[in-house]
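Remarks on the structure that follows.
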Amino acid sequence: MRISKFHLATVKETPADADVISQQLMLRAGMIRKLAAGIYSWTPLGLRALRKVEAIVREEMNRAGALELLMPSIQPRELWEETERWAKFGGQLLKIKDRKDGEFCYGPTHEEVITDFARNELRSYKQLPINFYQIQTKFRDEIRPRFGVMRAREFLMKDAYSFHLDTECMQREYQNMYDAYTRIFTRLGLKFRAVAADTGAIGGSGSHEFHVLADSGEDAIAFTSEGNYAANVELAEAAAPASPRPAPTESLQNVATPTQKTCEEVAELLGLPLSRTVKSFAVVGEQGFVLVLVRGDHMVNEIKLQKIAGLGDFRLATEAEIVDHLGSTPGFIGPVAPVKAISVIADRSVAAMADFVVGANQAGFHKRGVNWGRDLPEPDVVADVRNVVEGEPAPNGAGTWSIARGIEVGHVFQLGQKYAQAMGAQVLDENGKARTMYMGCYGIGVSRIVAAAIEQNHDAAGIIWPEAIAPFHIAVLPLGADRSERVREAAEKLYAELTAAGLDVLLDDRKGVRPGAMFADQELIGIPHRVVVGERGLDAGQYEYRSRRAAANEMKPIEGFVDWVTREIRK
RNA sequence: CGGGGUAUAGCGCAGUCUGGUAGCGCGCCAGCUUUGGGAGCUGGAUGUCGUGGGUUCGAAUCCCCCUACCCCGACCA
């Protein structure tokens, strides 16, 4: 591609409303343009990167035996009523009406459509197992779209759905997809990690997420020092306390904490370690007001909390409810002597504490020397309801937990019969008996991968594309071509040869563009290789080659250069 | 949805408090010079000051409504 015939639209200034590096660089490089909140156009440059990701995903899905199809993005309400997700999916579902007032949604995912397709197409166990996939635009009306295409409302997704007669078969395909995903992210040149995950709104039994590792990632993932187990922090289990609860040594007393509301402030005032304080988190569940207790140095894990019987879809308590049940405003609340009956859920670490500090349910006061059984009843529920922290022991002798940040780019689920059951997707087995199919589903955020790759690979000058995603493999930069017929001809010849070798080549044939601007553009848009053609080099029979990751030029003989650089790029 | 903020040229911003000719930088166009790390000079084009209403002789500026966008919290590929 010649830049003179391409739409290269780089800018020097960082757009004001871009707050992560990938979004800044994609805008500066001219890869994407915002149309509305969370809705982007892909420019010719950006689309080249997107298509490369898409091509690798498609190749590996095909290699793994999945069949590509394409389903509609607009889906009728009736289908979503069958699984009760028209209501359950909530505000993320973009609902639209046609001219006859018929109700539709823009597909955020395709379990309903594919299950409908499968129940119509699949009649016999002989047609199973089968795995259908598509690469298609999805729309999720995110509460808060941000970070450019990393968390957009409209995005490109590869979604696959497999159908099976039994669980074992489903699990084999799950493993097959897990392996295909591993190949995909490896080929894309990304540092990634598969982690055990919560199933969320999609549902089902088993699930893994694939995360691109990057410090700017929105997700925390936990992995053990022994045994190679990794999980989303939402799921990572905290080991039960090793030692039993000590006997009380202090008596219960009120202490004045006039302005100290947080555990940190209270611990500092009392000269106690943060781990001696207890945080009280007020929620309202199906069975009323609940106080959740975790240690002052821990964080409540709301996903774990949701799984506790009787809580269901809990919500944070309002300030009025807190005052009503405990007699105090937030900041000084605790489980001792509530005004009204409440239930108490204690994290396992809290249940094993003695002589701890809690809010006194009185503004300006906390209680210290608090002990279970003596000063308040034993907790109603003791469970693991907190996030694990860096360095703490992992369960089952798996060493210690470490925490890293990741960007979720893939997710595989064993759905079981959830959708097939709700929608009556059955086939006849070898005995002529109707059996409900088992399903798996497997997603990859194609557009998100482009952003994630940048988060993981950039420097002060711009993007550094992994070879597999780069919109162009190599840039040819002629210096002084406006004055030198020789340079112009040599660059044209090199461009033709590299193109003939099957590479995606960008030739900077713009008139009157000075060298500094050429270099800056090539580095910003992240072309992994560049070759400078100038009078200096031609006199010496050399090109100046530079890898995007290198700090200096290498002089390469013109003779044999195309072969050499083609091998560099292909390896 | 709750809280906070912004809206002025293609982009980044000043001007608003204290009402009176709409500005700066980058980019864009033309010419000349320059040419190995985002060139210099000269000249030029570009705005319903987010929308609607009000106050006023006069509104980017003051008041009201609306809308869009951004940031912080509960979601997910």
Side-chain angles (χ1 to χ4, degrees), chain A residues 9-20 23 27-28 30 33-39 53 57 89-93 108-110 135-147 149-160 181 197-202 207 209-212 218-219 232 234 283 300 302-303 305-306 313-316 318 406-413 441-452 461-462 477-484 487 511-524 530 532-537 544 546 553:
Chain A
T10 56
V11 291
K12 271 189 272 191
E13 281 171 298
T14 301
D17 54 10
D19 33 38
V20 293
Q23 184 185 13
L27 288 166
R28 284 191 53 209
R33 294 291 179 232
K34 187 168 80 175
L35 183 64
I39 300 178
V53 175
V57 170
F89 215 87
Q92 278 203 81
L93 194 61
T109 177
H110 278 67
I135 297 175
Q136 193 217 32
T137 299
K138 299 280 190 274
F139 194 96
R140 295 184 188 173
D141 200 356
E142 294 278 346
I143 297 152
R144 198 152 107 65
R146 58 188 142 173
F147 306 152
V149 297
M150 192 120 95
R151 181 178 219 76
R153 292 194 293 175
E154 185 179 292
F155 59 100
L156 190 65
M157 181 175 176
K158 186 282 301 175
D159 47 326
Y181 275 35
D198 187 67
T199 50
I202 307 289
S207 159
E209 292 166 351
F210 286 76
H211 286 263
V212 166
E218 282 191 274
D219 288 297
N232 193 303
E234 292 171 348
V283 301
V300 173
E302 299 187 16
I303 301 285
L305 213 46
Q306 248 162 22
D313 271 339
F314 71 87
R315 59 173 173 81
L316 297 184
T318 63
I407 301 162
E408 187 189 351
V409 290
H411 203 158
V412 292
F413 299 87
C441 87
Y442 320 93
I444 287 183
V446 177
S447 44
R448 181 182 282 183
I449 285 174
V450 177
L477 308 183
L479 294 199
D482 291 342
R483 286 160 294 139
S484 167
V487 165
K511 297 247 183 288
V513 173
R514 298 156 65 94
M518 287 189 187
F519 297 144
D521 276 342
Q522 173 262 330
E523 284 158 5
L524 174 60
R530 86 170 183 214
V532 170
V533 180
E535 291 280 358
R536 256 179 350 197
E544 295 163 51
R546 185 138 145 195
N553 291 334

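A, B, ... follow the sequence lines: proteins, then strands. Residue 1 opens every chain. Just so it is clear, the values below take in all heavy atoms, side chains as well, and ignore hydrogens, waters and symmetry mates.
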### Query
Going by an N to O cut-off under 4.0 Å, is there a salt bridge joining A:Arg530 and A:Glu523?
yes
### Query
If you check every side-chain atom of A:Glu13, which of B:rG38, B:rA77, B:rG12 has the closest atom?
B:rG12
#### Entry: Side-chain touch A:Leu477/A:Glu544, heavy atoms, less than 4.5 angstrom
no
### Contact check, side chains of A:Val532 and A:Phe519, non-hydrogen atoms, under 4.5 Å
yes
### Task
Under 4.0 Å between any heavy atoms, over every strand shown, what does A:Ala152 touch: base, sugar-phosphate, or nothing? Just pick one.
base
### Message
Applying the Watson-Crick and G-U wobble criteria at under 3.5 Å, what pairs with B:rC49? Answer none if nothing qualifies.
### Response
none
### Query
Are side-chain heavy atoms of A:Leu305 and A:Val300 found at a separation under 4.5 Å?
yes
### Query
Which of the following nucleotides, B:rC75, B:rG37, B:rC26, is nearest to the side chain of A:Gln92?
B:rC75
### Query
Among the nucleotides B:rC71, B:rA77, B:rC70, which one has an atom lying closest to any side-chain atom of A:Arg146?
B:rC71
### Earlier contact from the 5' end, RNA chain B, for A:Gln23 and A:Met157
A:Gln23
### Message
Could you tell me how far B:rU8 sits from B:rA59 if I compare only their C1' atoms? Round to whole Å.
### Response
14 Å
### Message
Taking the C1' atom in each of B:rG19 and B:rA60, what is the distance between them to the nearest angstrom?
### Response
10 Å
### Query
For A:Phe210 and A:Thr14, take the nucleotide of RNA chain B holding the closest heavy atom to each; which residue's nucleotide lies nearer the 5' end?
A:Thr14
### Query
Under 3.5 Å, is there a donor-acceptor pair between the side chain of A:Tyr442 and the main chain of A:Tyr181?
no
### Task
Choose from B:rA74, B:rG38, B:rG36 the nucleotide whose nearest atom is closest to any side-chain atom of A:Val532.
B:rG36
### Message
Side chain of A:Ala517, heavy atoms from C-beta onward: which of B:rA77, B:rG38, B:rG36 has the nearest atom to it?
### Response
B:rG38
### Query
A:Ala37 side chain: which of B:rC75, B:rG12, B:rC69 is closest?
B:rC69
### Candidate nucleotides B:rG36, B:rA74, B:rC76, ranked by approach to the side chain of A:Asn553 - the nearest
B:rG36
### Task
Mind checking A:Glu523 for me? I need base, sugar-phosphate or nothing, with any heavy atom below 4.0 Å counting as a touch.
base
### Message
Distance criterion of 3.5 Å, no angle test: do you see the side chain of A:Arg448 paired donor-to-acceptor with the base of B:rC76?
### Response
yes
### Query
For atom C1', what is the distance between B:rC63 and B:rU56, given to the nearest Å?
12 Å
### Message
Can you say whether a donor on the side chain of A:Gln522 sits under 3.5 Å from an acceptor on the base of B:rG37, or the other way round?
### Response
no
### Message
Would you measure the distance from the C1' atom in B:rG36 across to the matching atom in B:rG15 and give it in whole Å?
### Response
42 Å
#### Entry: Between B:rG50 and B:rG4 - P atom distance, rounded Å
22 Å
Show the distances under 3.5 angstrom between N or O atoms of the protein and N or O atoms of nucleotides 28-35 of chain B.
unit_1, atom_1, unit_2, atom_2, d
B:rU34, O2, A:Arg514, NH1, 2.7
B:rU35, O2', A:Arg483, NH2, 2.7

### Task
Using whole Å, report how far CZ of A:Arg151 lies from P of B:rA77.
10 Å
### Message
Quick check for you: among B:rC75, B:rC11, B:rC69, whose closest atom lies nearest to any side-chain atom of A:Lys34?
### Response
B:rC69
### A:Arg448 vs A:Glu408 side-chain heavy atoms within contact, under 4.5 Å
yes
### Message
Contact between A:Pro108 and A:Leu93 at the side-chain level, heavy atoms closer than 4.5 Å - yes or no?
### Response
yes
### Query
Closest to the A:Asp521 side chain: B:rG12, B:rC69, B:rG38?
B:rG38
### Task
Report yes if some heavy atom in the side chain of A:Arg140 is under 4.5 Å from a heavy atom in the side chain of A:Arg153; otherwise report no.
no
### Task
Determine whether A:Leu156 and A:Ile135 make a side-chain contact, defined as any pair of heavy atoms from C-beta on separated by less than 4.5 Å.
yes
### Task
Give none if B:rC28 has no partner; otherwise give the nucleotide forming a Watson-Crick or G-U wobble pair with it, both distances under 3.5 Å.
B:rG44
### Message
What's the separation between atom CZ in A:Arg28 and atom OG1 in A:Thr14, rounded to the nearest 0.5 Å?
### Response
5.0 Å
### Task
Select one nucleotide: of B:rG37, B:rA77, B:rC26, the one nearest the side-chain heavy atoms of A:Arg530.
B:rG37
### Task
Remember a base hit wins even if backbone is also touched, and classify A:Arg153 as base, sugar-phosphate or nothing at under 4.0 Å, heavy atoms.
nothing
### Task
Quote, to the nearest angstrom, the P distance that separates B:rC62 from B:rU51.
16 Å
### Task
Looking at every strand, decide which applies to A:Val409 at a 4.0 Å heavy-atom threshold: base, sugar-phosphate, or nothing.
sugar-phosphate
### Message
Give me the distance, rounded to whole Å, that separates B:rA14 from B:rG2 when you measure between the P atoms they each carry.
### Response
29 Å
### Task
Could you let me know what B:rA9 is paired to, Watson-Crick or G-U wobble, both distances under 3.5 Å, or none if it's on its own?
none
### Message
Let's test your reading of the model: under 3.5 Å, does the base of B:rC70 pair with the side chain of A:Asp19 as donor and acceptor?
### Response
no
### Query
Using purine N1 to pyrimidine N3 plus N6-O4 or O6-N4 for Watson-Crick, or N1-O2 and O6-N3 for G-U wobble, both under 3.5 Å, which nucleotide pairs with B:rC57?
B:rG20
### Task
Output yes if the stacking criterion (under 5.5 Å between centres, under 30° between planes) is met for A:Phe519 over the base of B:rG38, else no.
no
### Query
When you compare B:rA9 with B:rU46, how far apart are their P atoms, in angstrom units rounded to a whole number?
14 Å
## Note on the structure
The Watson-Crick or G-U wobble partner of B:rU34, with both key distances under 3.5 Å, is none
